[in-house]
Amino acid sequence: MSDSAKNAVRPILDTVENAAATPDEVQPFAELGLKEDEYSRIRDLLGRRPTAAELAMYSVMWSEHCSYKSSKVHLRKFGEGVTERMKEHLLVGIGENAGVVDIGQGWAVTFKVESHNHPSFVEPYQGAATGVGGIVRDIISMGARPVAVMDQLRFGAVDHPDTARVVHGVVSGVGGYGNCLGLPNIGGELVFDSSYQGNPLVNALCLGVLRHEDIHLANASGVGNKVILFGARTGGDGIGGASILASETFEDGVPAKRPSVQVGDPFMEKVLIECCLELFAAGVVEGIQDLGAAGISCATSELASNGDGGMHVWLDDVLLRDPTLNAGEILMSESQERMMAVVRPEKLDEFMAIAAKWDVESSVIGEVNDSGRLTIDHHGQRIVDVDPKTVAHEGPVYHRPYARPVWQDELNRNSISTADGVINFKRPATAAELRETALKLLASPNLASKSWVTDQYDRFVQGNTAGAQPDDAGIIRVDESTGLGVALATDANGRYAKLDPRTGAQLALAEAYRNVAMSGATPMAVTDCLNFGTPEHPDSMWQLVEAIEGLADACLSLEVPVTGGNVSLYNTTGELGLPDSSIHPTPVVGVLGVIDDVRTAIPSGFTESGLTVVQLGVTRGELDGSAWADVVHSHLGGVPPIVDLDAEAKLASLMQQARSAELIAGAHDLSEGGLIQGLFEAMLRRDVGADIDLIDIVERDAVSAFEALFSESTARAIVTVPDERAEQLRELAEEIGVPAVVIGRTNANAKLRIADYFDVTVEEARTAFEGTLPRIFG
Amino acid sequence: MSDLKSARIGVITFPGTLDDRDAARAVRIAGAEAVSLWHADTDLQGVDAVVVPGGFSYGDYLRAGAISRFAPAMSAVVDAAKGGLPVLGICNGFQILTETHLLPGSMIKNNHLHFICREQNLIVENNQTAWTNQYEQGQTITVPLKNQDGQFVADQRTLDELEAEGRVVFRYSGGNPNGSRNDIAGISNERGNVVGLMPHPEHAVEVGFGPELTGSQTGTDGLAFFHSVLAHLVAA
């Protein structure tokens, strides 16, 4: 026990003994977010009322965020839908801090996407910054060096007065933290939609690299092993509801109002990364856990629950930033940049020496024992005595009622073009109207260049970035000698998911998979961040269940296992039961692919003049939920594009074989905005134009020129091929079963020409594409 | 020195340094041995040159480089630099060199107040330094730029001196990205053995891992920094 604690006036604590003696004491469980039956269950588990500290631990560990109590029964489908073949490359699957995938040559990668949505609305900078910090610590705790981040951002309408506040804060926060950690930001998503107005989404993904033998797990085993808390000191940030417990244990005069959003210190985290990697390399760490949500409560109970015995903790030995914190607050504090390690006693000195080298403060706060209990003492008194499994892993599990919303059918009937050919909404008819529409879409906030954001992120640091936004996928080299590396892309179209959550989730997977495939990489594994509305209403619960089932099925079909992720519920700000009660369901799906030499990855976009441009895949008249429907008609209705996973797999296979055979010069996937947006983006990548003729698409697929340009049919891409390879590519496509049609040639006059319709110069396109976000956000 | 392979170039790591491993890679690609130096050590291990790399040493919470200048390794670097040791400060390293007064001026927050990451064109204004002798005078090169506090400032007399003495080594071309005085991207000391710049040559040394490959551009314009110092060492 520290001197200051010994000398302090011994406070009146709610001890285990006291709790047993005062069963009728009224406890603020509801204010801490626990339901009455949950509170009763805690009393049953303990055979008495919980102490204040125990109540704090259970309340936070049994929260939706930590326990997944509403989604757990459904998330099991991800685990069930994994075949032996899919497991072949999985070193660590769902359930740990992050999944680990074998990429060959003794290398493994770990990756995960996580949300930090609600804090980012309250305090955008710190919310976003600590979102990055949290996911990075998940990756470190697997034993990996973090090597890249991505961010998936969704904000309210661009012209809403509050949007700029959130955008500036979030982008600076992601950049401020990630840049300072030395992690290249290799891509992400940026979407503006009024459904996110009071509820922006800030998801962050981190990728880590490790050797197979470096995998570390979060468990506390070995009686007598020391439990060390290291990194930043524990302060009063991120406590949220816990401070209401203050009045129970302390006198008046303590600081009462504390920020419920955590404050980040990226410098501390950078030092912590290097310190952890040196600790791992020295072999002094038995088990490790990062401190994120629920802080010490989570770390101690999870480590103990995953281990083979029990754990005792001396809370006085936690190094504090604020000495007035009570036990419940210390246990719940979400102060950032902290880690907990389990270390053999004989390795303790070596551990401390490495931590001291990096100026990282460390303190032994506990010991592994064989009691089967997690016990915590404070000021010499027992304040926690629980079975750690009941805290960490055996929390409540709900089968929440769910039902297709009553408004869903009407939404689906409200198509932008009815089946019998009646066109409800005006389409561009003349060449001039097509041109105007194309440029209007190109300049629209969701299709415009994201450089205003990504230019605030370091994409070069670490020197292994072979691809980054605006490329279809971020590409990171893992092995410098062989060039072995990975490609990563994430996607989610909330508009599609609103129209059909099951299909929407599959479309998110399909697009991320396709983006990774564009580089010629082999898709291997999936992470997901499911952002949905309140689970306590059947509408949003139905969206969640549909999305999970759809995604699990599609993963099985594409043979890419979900390795981990995160669920963010309660993204609901409107009156319940209405179509716009919640955000668009937003299942962010990240796909990781492996590429044996990143230097041979297929470049994004047009690379040079004189190449044949080929469209792969089939165009249908699919315009419901499209960017055109949104930008031109502010319309959302009907059904999303058809998912064709077989076609996606064939397209990916074609890209892999074409890369190996060096057939393709450049590629770009087609998605939001359709072919015309894809052509613009391909041109603007290196200012190489193209002469395009739609006639063969129009004839083969029986679509109009408008549909050929703006439809968002999936499993499509444009590729360029040198003349001498064109026949080989045609044969390969035919053999695999990918429809391919030549649509034109890249040119040397910096102009996109759609024959019979219009021309747009690089200059005009660039002005439209790049002007939008700087004009809005400065 | 006669054998390039035996050249040893130190790269200092401070708490919060980010581009140390990248600088070491650049040294190796150029054909020399990279020696890792720790901020808390005064021993420079007999290296032939030193790179003070980029990052956010000590979080840059005070003023970029203000704490690192007090590192034991920096006192050794300052002494050795005065004796002619070639020293290159990149980004945060440049900021640290100005804090130690090996180089004049200082860097303040970019004029647009944002972090900026982009491929930056630079004009080589002086190819007579230890770190630039393999460039052509007036050559335009492209290397990544990425920083928050990159706006070079100095009083008028210092600026006049730098200009008059040819100590402006690099100037931004194609737009001043941060409001730097006289478009200055990098400068040297009087002797030309100490050079500091905000852009990152160590991120333009490998085809495919630096600036975009377009036209005749290979994305490896930064490599000549490291070849230059080796040539300088051989000549010395």
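No hydrogens, no waters, no symmetry mates; every other heavy atom, side chains included, goes into these values. Letters A, B, ... mirror the listed sequences (proteins, then strands); counts begin at 1.
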Pick from [options] with the largest number of heavy-atom pairs that fall under 4.5 Å of chain A:
{"options": "B/L18, B/V207, B/T17", "answer": "B/L18"}
{"options": "B/S57, B/A40, B/G59", "answer": "B/G59"}
{"options": "B/A26, B/P211, B/G210", "answer": "B/G210"}

Around [X], counting heavy atoms of other residues, nucleotides and ligands shown, do more than 12 lie under 6.0 Å from its [atom1]?
{"X": "A/E662", "atom1": "CD", "result": "no"}
{"X": "B/R63", "atom1": "CZ", "result": "no"}
{"X": "A/E763", "atom1": "CD", "result": "no"}

Cationic N near anionic O, under 4.0 Å, B/R21 to A/E480
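Looking at B/R21 and A/E480, the cut-off is not met.
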Non-hydrogen atoms of chain B under 4.5 Å away: do they reach the side chain of [X], the backbone, both or neither?
{"X": "A/D265", "value": "both"}
{"X": "A/V688", "value": "neither"}
{"X": "A/L183", "value": "neither"}

May I have the step-by-step check of side-chain contact (heavy atoms from CB on, under 4.5 Å) for B/K146 and A/N179, ending in yes or no?
CA-CA 9 Å; B/K146 51 192 188 80; A/N179 293 337; over 6 Å; no
Strictly less than 4.5 Å between heavy atoms, which residues of residues 115-124 of chain B line up against chain A? Please order them by number.
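Within residues 115-124 of chain B, the residues under 4.5 Å from chain A are B/F115, B/I116, B/C117, B/R118, B/E119.
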Tell me which of these, [options], has more heavy-atom pairs under 4.5 Å with chain B than the rest.
{"options": "A/R477, A/E269, A/R459", "result": "A/R477"}
{"options": "A/R599, A/K357, A/M268", "result": "A/K357"}
{"options": "A/K270, A/Q456, A/E274", "result": "A/Q456"}

If I take atom CG from residue A/D455 and atom NE2 from residue B/H112, how far apart are they, to the nearest 0.5 angstrom?
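So the gap between those two atoms works out to 9.5 Å.
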Rounded to the nearest 0.5 Å, what separates atom OG in A/S172 from atom CD in B/Q148?
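One finds 8.0 Å between OG of A/S172 and CD of B/Q148.
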In terms of ring plane angle, is the pair B/Y58 and A/F267 parallel, tilted or perpendicular, where the classes change at 30° and 60°?
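Rings of B/Y58 and A/F267: tilted, as their planes differ by 30° to 60°.
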B/E206 versus chain A, heavy atoms under 4.5 Å apart: side chain, backbone, both or neither?
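Contact with chain A: side chain only.
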Chain A contact via B/Y61 - which portion, at a heavy-atom distance below 4.5 Å:
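Only the side chain of B/Y61 comes within 4.5 Å of chain A.
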Report, by ascending residue number, the residues of residues 771-778 of chain A in heavy-atom contact with chain B at a distance under 4.5 Å; give 'none' if the set is empty.
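Result: A/G778.
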Is any residue of residues 461-474 of chain A within less than 4.5 Å of chain B by heavy atoms, and which ones?
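Heavy-atom contacts from residues 461-474 of chain A to chain B are A/V461, A/Q462, A/G463, A/N464, A/T465, A/A466.
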Less than 4.5 Å apart, any side-chain heavy atom of B/H114 and any of A/H168?
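Sidechains of A/H168 and B/H114: in contact.
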Can you pull the ring-ring contact (aromatic ring centres under 6.0 Å, His included) pairs that have at least one residue in residues 453-488 of chain A, sequence neighbours excluded?
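For residues 453-488 of chain A, and leaving out neighbouring residues, there are no ring-ring contact (aromatic ring centres under 6.0 Å, His included) pairs at all.
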